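Worksheet: one structure, shown below.
We name chains A, B, ... by the order of the sequence lines, and we start the count at 1 in each one. This is a predicted model, so every value here is computed, not measured.
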2 protein chains.
Amino acid sequence: MPSRRELNKAATRQAITDAALALLRSNGPGNFTVEDIADAAGISRRTFFNYFSSTEAAIAAVTFGFLDTALQQFRLRPAGEPFLESARAALVELADPMTVAPLAELYSLGQTNPQLSRSELEAWDHCTVEIITAARERLREGVELDELYLRALAGSVISCGKAAMDVWFLRCGGSLTPESLSTLRQLLIDSMGLLGSGFARPDAAPSTTQATIPADNSTATPPPDRH
Amino acid sequence: MPSRRELNKAATRQAITDAALALLRSNGPGNFTVEDIADAAGISRRTFFNYFSSTEAAIAAVTFGFLDTALQQFRLRPAGEPFLESARAALVELADPMTVAPLAELYSLGQTNPQLSRSELEAWDHCTVEIITAARERLREGVELDELYLRALAGSVISCGKAAMDVWFLRCGGSLTPESLSTLRQLLIDSMGLLGSGFARPDAAPSTTQATIPADNSTATPPPDRH
DNA sequence: CTAAAACTTGCCCTGAGTGCAAACATGCAC
DNA sequence: GTGCATGTTTGCACTCAGGGCAAGTTTTAG
């Protein structure tokens with residue numbers, strides 16, 4: 001049961017990120033100060049720094065939240081399941097309007113601003129570290145556990161997830177329509193498929209993914225114009 | 001032929017990064033100011049900012065140089081060669097004392113300091129972008145070119161290279177002895193092998209790498225204690 | 001109710017980063 | 001060489017980030 005103190009802190013924290021995001025939307029990145037955020041959140045400048053070490057950190061909290069959702073999903077998967085299958089399932093869960101919306105917004109803002117994209121980078125890296133931990137627990141069963149295998153796999157999974165999101169933004173511009181989300185879901189599935197097949201050249205077998213991972217293809221996009 | 005102006009600029013640039021690195025070594029990260037760097041490099045504080053936008057950027061130039069070497073190596077590979085083979089070859093070229101030394105030093109300093117590791121992150125990301133470009137040129141031959149394939153592959157290659165270096169630092173602490181470099185070389189080869197095999201569980205075939213990529217195993221480490 | 005603990009705030013300081021304009025160096029034409 | 005156009009360095013002044021400190025305020029525990 002959360003005490004009064006904890007509730008207050010959580011509320012303040014939320015007020016700060018909300019204010020920061022609102023300013024980001026209205027003024028554009030880099031066009032507001034910590035003082036602006038503090039004023040909007042109804043606290044003092046000094047208090048802001050009790051919660052976040054920088055504007056960047058306040059905004060990055062959003063991305064962290066998104067990626068933490070992914071990690072939670074991953075941990076929920078049965079331990080016996082193949083790693084890539086768990087990763088695929090966890091990633092597909094992210095293609096949900098409520099979950100992906102904040103990230104989509106940040107992403108489009110980040111396109112024009114280097115400061116933002118750097119903090120997103122950091123969030124993805126943090127996620128890699130977390131998934132290495134999760135994977136270590138998962139694979140510990142198999143006695144001797146190769147550190148390189150662990151790290152290379154975790155890093156690649158995150159890279160592929162990131163690549164899928166990048167391509168999605170490229171194609172759909174972060175739109176949240178059902179078709180767009182369906183595309184995202186398929187991209188995430190495909191990227192895991194590529195990873196699992198060792199990036200066999202696509203000319204050999206055009207859609208290996210469909211064969212190896214028969215996921216919810218009911219809503220899948222018809223092969224979109226891969227230009 | 002470089003003009004006097006260009007020579008001066010290059011020299012100043014070099015003086016700045018040298019000074020920054022020296023201060024990093026002597027004072028530790030975060031314990032010196034831009035003014036300190038400028039003084040040591042014999043320029044004014046203001047001029048420093050004409051060259052680099054921050055201390056971080058000045059130091060990141062080193063990592064960028066390292067990764068640019070890798071990219072150069074990649075571009076030198078014959079266009080017909082399989083992508084992963086080119087990547088492997090390019091990465092192995094990095095396991096050279098002169099090339100890897102600055103990165104090893106930065107890495108060990110970065111372990112204790114978040115500011116540093118973040119700029120290294122940025123450099124790796126920049127490298128991913130570059131390798132996507134290089135790969136796009138390479139694969140353009142194969143007419144229709146899947147953006148997801150491209151990005152997922154490039155991202156994974158970089159992730160695996162990074163993982164190999166991470167494990168190397170973990171095992172060898174950035175030592176530059178021939179044995180250590182040989183370990184690094186083997187780790188890089190192994191990580192590309194894992195990627196190429198779709199991360200087939202190692203318990204199935206303990207050392208797939210050796211079979212698929214018969215590289216210069218003459219100097220390779222005997223299977224080190226993979227704890 | 002009271003005292004300790006946790007949190008907020010204002011004050012003040014160092015240092016990052018940038019616009020501006022004056023001084024300075026270089027390149028080029030004659 | 002002289003003179004001029006162009007590029008580079010520097011000092012100055014300003015805004016804002018970030019954080020130490022101590023005094024004030026709220027919450028919790030007894």
Sub-3.5 Å donor-acceptor pair from the side chain of [X] to the main-chain atoms of [Y], do we have one?
| X | Y | result |
| --- | --- | --- |
| B:S182 | B:P178 | no |
| B:W124 | B:L67 | no |
| A:R171 | A:S180 | no |

Measure the distance from [atom1] on [X] to [atom2] on [N] and round it to the nearest whole Å.
| X | N | atom1 | atom2 | value |
| --- | --- | --- | --- | --- |
| B:E56 | C:dG17 | CD | C1' | 13 Å |
| A:R5 | D:dT28 | CZ | P | 6 Å |
| B:I37 | C:dG15 | CD1 | P | 13 Å |
| A:E35 | D:dG18 | CD | P | 14 Å |
| B:Y51 | D:dG7 | OH | P | 14 Å |
| A:E6 | C:dC7 | CD | C1' | 13 Å |

Within the 3.5 Å criterion, strictly below it, is a donor on B:T63 or B:E120 matched to an acceptor on the partner's side chain? no
Side chains of B:D190 and A:Y149, heavy atoms from C-beta outward: is any pair under 4.5 Å? no
Note, B:I158 side chain near A:S159 side chain (heavy atom, < 4.5 Å): no
Which label fits A:H126 and A:F64: parallel for a plane angle under 30°, tilted from 30 to 60°, or perpendicular past 60°? tilted
Test A:R75 against A:E130 for salt bridge (charged side-chain N to carboxylate O under 4.0 Å, His left out), laying out the working first. CA-CA 11 Å; A:R75 289 182 207 274; A:E130 289 289 310; 3.6 Å; yes
So, OP1 or OP2 of D:dT28: does either fall under 4.0 Å of a side-chain N or O from A:S3? yes
Contacting residues from residues 8-32 of chain A, given that a heavy atom lies under 4.0 angstrom of DNA chain D: A:N8
Of all of residues 38-50 of chain B, which get a heavy atom below 4.0 angstrom from DNA chain D, listed by number? B:I43, B:S44, B:R46, B:T47, B:N50
